[in-house]
Amino acid sequence: MKSLIRSGVTLVAAAALGAGMVIGGAALSTEKANPNGNGLGGQPATASQIYLDEIKDYGVCRGTDTSCYHEWGNGWKEGEAKRILIWSRTAGPRHAHLGSALAPGLNPPLNANNVAQSTLIQWAAERGIQADYTEDLAQFRLNNYQAVIFLSSNRDTLDDTAQTALMQYIRGGGGFVGIHNAFGAEYSWTYYEGLLGGANFYNHGPNRDGTVETINDRDVSTAGMPATWPFKDEWYNLIPYPSFVNVLLEVDKATSEATPAGHGESHPVSWCQYYDGGRSWLTTLGHDNAAWLGTLPGDGDAFFKQHVMEGIESAMGIKPFCTV
């Protein structure tokens, strides 16, 4: 049984069955250390652990268990053209790395200040990936792509039709990549919050230097990274805090605790999960233009590029996804 709808009946059943009811695999003890965020870090858990611990139920199969993935045609297959759609429509404050709003249509002319879009298109081309881009709701059609990239697309970035299109795409095995202010979108749509790993943006401090900690170096998006590396960002604080995910990167305690709502010892900045049939790879990094232009001091911008592109390829299905 992969997921349960939260109801009185379900809660009674979970309490009665206890460890006998398992989501996605064998039960784990509630006393086990939890290094990868709430929810046992995406490991299989009993229904009582999931539904009686104040972690929100999104009504879908989610976590790191591959049984939550649907091989229904939206992921990349050998021999197919590699294609992604970059979605950067903002319905609220617009980040400087996005530059001016794009003209209607698919692949409109880019302006010199559309830094993140231009850079991501270039990075994709280096790997043989065709990247289309748009901010036009009439062009939000996903079935020809193996992943959709929400690039700091914020607030009510989707209308009802686009929400349905995204949900159906994810359920068909599509890839979702959320970058930076993709946290800070669709606050009123619970499904989207779950797609972000049961998390969302709460606040941030000033853009500042910090130290990224590599938590899981087994995933393709973190392979070969040092234990720590320098980076500059706003370091988003998250409410809700991600649950049932595979945390990939964190920011160090000192940087986190510079703001009152920081998460201290366990402040995730990147993670991944399977969600409702699809793959979801997420990072709150990417605020500073220098991260996209490759002009940060040290190697942080190079690691950021590796992290984002390997994450995209894994969400597409080109490379192994979300290795625990």
Side-chain angles (χ1 to χ4, degrees), residues 24 33-45 50 55-56 58 60-66 68-69 147 149-152 170 175-185 192-202 204 210 212-223 225 227-229 231 233-252 255-256 262-276 278-287 303-304 306-316 319-324:
N34 181 15
N36 289 330
N38 290 339
L40 304 180
Q43 301 303 305
I50 292 175
I55 296 174
K56 193 177 294 184
Y58 297 95
V60 305
C61 185
R62 66 187 183 104
T64 60
D65 195 316
T66 58
C68 290
Y69 184 69
I149 319 301
F150 273 45
L151 181 59
S152 289
I170 295 299
F176 176 86
V177 173
I179 298 176
H180 198 56
N181 207 213
F183 294 84
Y192 182 82
E193 182 181 277
L195 186 61
L196 296 179
N200 222 323
F201 168 77
Y202 175 65
H204 63 77
V212 174
E213 300 173 334
T214 303
I215 301 301
N216 176 359
D217 63 0
R218 297 174 297 281
D219 188 69
V220 295
S221 68
T222 51
M225 288 185 176
T228 62
W229 44 278
F231 200 68
D233 215 286
E234 297 176 305
W235 312 110
Y236 280 3
N237 300 319
L238 306 160
I239 297 179
Y241 186 87
S243 56
F244 297 97
V245 302
N246 178 15
V247 172
L248 305 171
L249 301 176
E250 294 180 353
V251 66
D252 70 296
T255 307
S256 172
H263 303 296
E265 288 282 1
S266 300
H267 189 138
V269 296
S270 297
W271 56 91
C272 54
Q273 63 167 349
Y274 294 98
Y275 185 81
D276 196 26
R279 304 181 182 101
S280 178
W281 187 95
L282 306 142
T283 185
T284 64
L285 302 178
H287 171 77
F303 290 131
F304 175 68
Q306 171 196 338
H307 187 52
V308 168
M309 288 312 304
E310 294 287 339
I312 288 173
E313 287 192 325
S314 70
M316 295 172 71
K319 294 184 177 177
F321 179 72
C322 206
T323 303
V324 177

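Between F231 and F303, the distance separating the two ring centers is not shorter than 6.0 angstrom. Between W281 and H307, the ring centre distance stays below 6.0 Å.
Atom CG of L238 sits about 9.0 Å away from atom CZ of F201, to the nearest 0.5 Å. The distance from atom CD of E250 to atom CG of N216, rounded to the nearest 0.5 Å, is 11.0 Å. To the nearest 0.5 Å, atom CD of residue E265 and atom CG of residue D252 are 9.5 Å apart. With rounding to the nearest 0.5 Å, the separation of CD1 in I215 from CG in L249 is 7.5 Å. Considering CG of L248 and CD of E213, their distance stands at 13.5 Å, rounded to 0.5 Å.
Annotation: side chain of F321 is not in contact with side chain of Y69 (no heavy-atom distance under 4.5 Å). Between D65 and Y274 the shortest side-chain heavy-atom distance does not fall below 4.5 Å. With contacts defined as side-chain heavy-atom distances shorter than 4.5 Å, the pair Y236/N181 qualifies. Contact of the R279 side chain with the C322 side chain is not registered, since no non-hydrogen atoms from C-beta on lie closer than 4.5 Å.
One N or O on the side chain of D233 and one on the backbone of H287 form a donor-acceptor pair closer than 3.5 Å. Put simply, the side chain of T64 never gets that close to the backbone of T323: no donor and acceptor are under 3.5 Å apart. Put simply, the side chain of Q273 never gets that close to the backbone of L282: no donor and acceptor are under 3.5 Å apart. Between the R62 side chain and the S243 main chain, a donor and an acceptor come within less than 3.5 Å of each other.
The ring pair (Phe, Tyr, Trp, His ring centres under 6.0 Å) test with F183 singles out one residue from W235, Y202, W271, and that residue is W271.
Under the 30°/60° scheme for interplanar angles, the aromatic rings of F176 and F150 are found to be tilted. Taking the six-membered ring where the residue is Trp, Y241 and H263 present perpendicular rings, their angle passing 60° and hence far from 30°.
Using modelled atom types, one finds no donor on one side chain facing an acceptor on the other under 3.5 Å when comparing D219 with N246. Using modelled atom types, one finds a donor on one side chain and an acceptor on the other under 3.5 Å when comparing E234 with H180.
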